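Letters A, B, ... mirror the listed sequences (proteins, then strands); counts begin at 1. As the structure is a computational prediction, the values presented were derived from the model and not from experiment. Note that these values count all heavy atoms, side chains included, but never hydrogens, waters or copies made by symmetry.
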Amino acid sequence: MKSEPNSRFENGIDMKFSFDDLKASPNQTSCWDGVRNYQARNFIRDQMKIGHDVFFYHSNCKEPGIIGQCKVVKESYPDHTQFDPKDPHYDRTSSKDNPKWFMVDVKYVRPLQRFISLAELKKAHLDHLKNGGPLRNLALFTKARLSVQPISQEEWDYILKMESSDES
DNA sequence: GCCAACGTTGGC
DNA sequence: GCCAACGTTGGC
């Protein structure tokens with residue numbers, strides 16, 4: 001899941017939500033509101049289950065990359081911000097009877113032992129495209145603009161291995 | 001701040 | 001249902 005660690009204002013509301021912000025949330029848990037893309041919505045609504053592991057990715061910042069790990073603690077329910085006219089993610093075409101947008105709750109787990117930058121992931125991705133390897137289809141590159149992306153067990157395991165080795 | 005990539009909208 | 005115009009994402 002991608003989130004912006006730096007302040008950026010939309011309709012006077014700060015879009016910042018860093019990994020530290022998640023840690024500082026009540027019970028180290030937060031809802032993941034504001035997703036307004038159908039593909040991402042479908043992952044949230046249909047795929048994300050309690051206990052699923054999630055990488056927390058910092059985007060739109062000086063050094064983008066994976067900063068830590070969190071997990072799903074509450075499954076899909078309607079995103080309240082779609083009903084709030086003052087919210088930047090208000091959607092007047094959605095109704096409470098038939099909500100369009102959903103969210104899950106995620107809970108902080110741990111920071112990675114080291115930051116895994118986009119550059120490093122890209123390097124591995126390009127290598128795996130050429131020579132074969134688990135990151136050849138990583139959604140971060142094949143579905144780059146999605147803010148919520150699926151990850152396979154194989155991809156997950158490989159990235160965890162990167163965490164405990166030196167950057168190459 | 002630029003802009004490529006890509007998703008959405010709406011006229012036809 | 002096509003597709004041009006427009007909007008958004010997010011790396012650089």
Side-chain angles (χ1 to χ4, degrees), chain A residues 1-23 25 30-48 53-70 72 76 78-106 108 111-112 114-130 133-152 155-156 158-159 162-163 167-168:
Chain A
M1 297 177 104
K2 297 181 187 172
S3 191
E4 303 185 31
N6 300 329
S7 285
R8 186 176 62 82
F9 289 88
E10 239 178 78
N11 300 357
I13 293 179
D14 197 351
M15 294 297 112
K16 168 184 187 286
F17 190 74
S18 68
F19 191 54
D20 281 343
D21 291 328
L22 177 61
K23 188 180 184 184
S25 298
S30 175
C31 61
W32 203 270
D33 59 280
V35 172
R36 295 294 181 272
N37 169 286
Y38 289 108
Q39 247 187 305
R41 187 278 310 270
N42 293 347
F43 287 125
I44 285 174
R45 193 189 53 190
D46 308 332
Q47 306 288 135
M48 299 183 78
D53 291 320
V54 175
F55 282 133
F56 196 108
Y57 178 93
H58 276 170
S59 69
N60 211 2
C61 56
K62 194 164 184 187
E63 201 180 11
I66 299 171
I67 178 92
Q69 200 184 320
C70 53
V72 178
S76 164
D79 176 345
H80 56 90
T81 63
Q82 71 196 297
F83 307 122
D84 178 0
K86 292 188 295 295
D87 194 280
H89 299 116
Y90 174 62
D91 184 350
R92 61 179 186 79
T93 69
S94 184
S95 71
K96 290 199 175 180
D97 289 345
N98 188 17
K100 209 181 258 187
W101 306 110
F102 294 83
M103 60 189 185
V104 292
D105 287 358
V106 296
Y108 176 92
L112 294 196
R114 66 181 186 83
F115 180 79
I116 300 185
S117 70
L118 172 65
E120 186 182 352
L121 288 163
K122 190 174 216 165
K123 212 165 149 188
H125 167 66
L126 291 176
D127 177 60
H128 292 188
L129 269 183
K130 202 173 158 199
L135 300 193
R136 65 194 175 282
N137 294 321
L138 194 67
L140 189 58
F141 305 106
T142 59
K143 300 182 174 96
R145 295 179 58 225
L146 278 186
S147 63
V148 177
Q149 311 183 336
I151 187 163
S152 71
E155 291 163 346
W156 179 273
Y158 187 86
I159 291 169
M162 291 170 79
E163 180 197 9
E167 183 172 356
S168 48

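- Separating the CZ atom of A:Arg36 from the C1' atom of B:dG7 is a distance of 15 Å, rounded to the nearest angstrom.
- A perpendicular orientation is assigned to the rings of A:Phe56 and A:Trp32, their planes being inclined by more than 60° (bins at 30° and 60°).
- Taking the six-membered ring where tryptophan is involved, the planes of A:Tyr158 and A:His128 are perpendicular, since the angle between them exceeds 60° and thus also 30°.
- Residues satisfying the salt bridge (Lys or Arg N to Asp or Glu O under 4.0 Å) criterion with A:Lys122, sequence neighbours excluded, are absent altogether.
- Judged purely by distance below 3.5 Å, without hydrogens or angles, the side chains of A:Asp21 and A:Ser18 pair a donor atom with an acceptor atom.
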Protein N or O to nucleotides 8-12 of chain C N or O, pairs below 3.5 Å:
| unit_1 | atom_1 | unit_2 | atom_2 | d |
| --- | --- | --- | --- | --- |
| C:dT8 | O2 | A:Arg145 | NH2 | 2.5 |
| C:dT9 | O3' | A:Arg145 | O | 3.4 |
| C:dG10 | OP1 | A:Lys2 | NZ | 2.8 |
| C:dG10 | OP1 | A:Arg145 | O | 3.3 |
| C:dG11 | OP1 | A:Tyr57 | OH | 2.8 |
| C:dG11 | OP2 | A:Asn60 | N | 3.0 |
| C:dC12 | OP1 | A:Lys122 | NZ | 3.2 |

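- A donor-acceptor pair shorter than 3.5 Å cannot be found between the side chains of A:Asp97 and A:Ser95.
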